[in-house]
Number of protein chains: 2
Amino acid sequence: MKDLPPPPGDLAPNVLHPLCPSRQVLQMLTSRWGALILVALAGRTLRFSQLRRELGDVSERMLAQTLQGLEAHGMVRRVAHDVVPPHVEYSLTLIGDEAAGLVRGLAGWVERRLPDILSVASQR
Amino acid sequence: MKDLPPPPGDLAPNVLHPLCPSRQVLQMLTSRWGALILVALAGRTLRFSQLRRELGDVSERMLAQTLQGLEAHGMVRRVAHDVVPPHVEYSLTLIGDEAAGLVRGLAGWVERRLPDILSVASQR
DNA sequence: GGAAGTACGTACATTTTTGTAAGTATCAAC
DNA sequence: GTTGATACTTACAAAAATGTACGTACTTCC
């Protein structure tokens, strides 16, 4: 089981290349709920429903689906306690934490620059 | 890209708040073509068709639409030379360059970590 | 003369994403 | 005993994103 050559035929991974897998990974990290889940999960562990309330308006379906995608790519860790009323905890993996840091950086920048962005006076 | 909802009735901008405009701005910066356009435009000026070839597979419709959204939010500057065969140049604004830097950071990270991400061995 | 390049706009069609509602098993509170 | 909470899944449906094809007004190249 060795590493597969990431970019099919190409030399290095490049998001500008249509067929490079990096593009899909980037899209999952920046997808509507993907990005917000990373932000919400940064530095803490949350249960499914806590996460749901945290994001405010995700449907259960989307939350579950997005979490599965993030988990499948090693960004999120899922720990299920086999108890009667289900109890499942989600947290970031090491690599997920790295991604979250970058996503948070972007989200934070948007929040700080929001006034300038909304008053499109920031031209030039 | 849709219109932004009412300003934040909350104290500070927060992407985790469903009604905060920052959420839409973040989405536009991280949208499929929005993010890639920022990456492609970082540090240089490109014409419409050059940008199109650069991204590899955007349709003209999506490129034009996404560029308009970015321009409307002051991220991209559009300069049209009124000549016979159209000649339009696109470049980043100051604020657009800031956003592009962060998006590139994320994209670059994905490219570098791709092997680890694809071989989901990066757990823990 | 015919083809291609340029920067789009505009219908229309398809694909992808996201949401809604209901179901599951069990326990606790009212 | 009805309701609510928990963590989902599964059909089905609506909404949003994206693509396709064609038109434009010229000019250059073959």
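Just so it is clear: chains get the letters A, B, ... in the order the sequence lines come, proteins before strands, and each one is counted from 1.
A/H87 has its NE2 atom 11 Å from the C1' atom of D/dA7, to the nearest Å. Taking atom NE2 of residue A/H81 and atom P of nucleotide D/dA5, one finds them 21 Å apart after rounding to whole Å. The OH atom of A/Y90 sits 14 Å away from the P atom of D/dT6 (whole-angstrom rounding). To the nearest angstrom, C1' of D/dA7 lies 8 Å from CZ of A/R78. The interatomic distance linking B/E54 (CD) with C/dA7 (P) rounds to 14 Å, in whole Å.
For A/Q68, taking side-chain heavy atoms from C-beta onward, the closest of the listed nucleotides D/dA7, C/dC8, D/dT9 is D/dT9.
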A/S91/A/R77 under side chain to side chain donor-acceptor pair (under 3.5 Å): CA gap, chis, key distance, verdict
CA-CA 5 Å; A/S91 55; A/R77 184 187 307 119; 3.0 Å; yes
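With sequence neighbours excluded, no residue forms a side-chain hydrogen bond (donor to acceptor under 3.5 Å, both in side chains) with A/S59. For B/R47, the side-chain hydrogen bond (donor to acceptor under 3.5 Å, both in side chains) partners are B/H87, not counting sequence neighbours. For A/P115, there are no side-chain contact (heavy atoms from CB on, under 4.5 Å) partners at least two apart in sequence or on another chain. Judged as a side-chain hydrogen bond (donor to acceptor under 3.5 Å, both in side chains), and not counting sequence neighbours, B/S49 has no contacts.
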Below 3.5 Å, can you tabulate the donor-acceptor pairs from side chains in residues 32-44 of chain B to any protein atom, sequence neighbours excluded?
residue: B/R44; atom: NE; partner: B/A40; partner atom: O; Å: 2.8
residue: B/R44; atom: NH2; partner: B/A40; partner atom: O; Å: 3.3
residue: B/R44; atom: NH2; partner: B/E54; partner atom: OE2; Å: 3.2

N/O donor-acceptor pairs under 3.5 Å from side chains in residues 97-106 of chain A, not counting sequence neighbours:
residue: A/E98; atom: OE1; partner: B/W109; partner atom: NE1; Å: 2.6
residue: A/E98; atom: OE1; partner: B/R113; partner atom: NE; Å: 3.1
residue: A/E98; atom: OE1; partner: B/R113; partner atom: NH2; Å: 3.1
residue: A/E98; atom: OE2; partner: B/R113; partner atom: NH2; Å: 2.5

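Put simply, the side chain of B/R52 gets close to the backbone of B/V58: a donor and an acceptor are under 3.5 Å apart.
Annotation: proximity of residues 37-51 of chain A to DNA chain D (heavy atom, distance under 4.0 Å) is found for A/R47, A/F48, A/S49, numbered in ascending order.
Distances shown here put every side-chain N or O of B/R53 at or beyond 4.0 Å from the OP1 or OP2 atom of C/dA7.
Among the heavy atoms of the strands, none lies under 4.0 Å from A/R52.
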Report, as a single string ordered 5' to 3', how protein heavy atoms within less than 4.0 Å touch nucleotides 12-30 of chain C: B base, S sugar-phosphate only, - not at all.
------BBB-----SS---
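Annotation: salt bridge (Lys or Arg N to Asp or Glu O under 4.0 Å) contacts involving residues 85-95 of chain B, sequence neighbours excluded, are absent.
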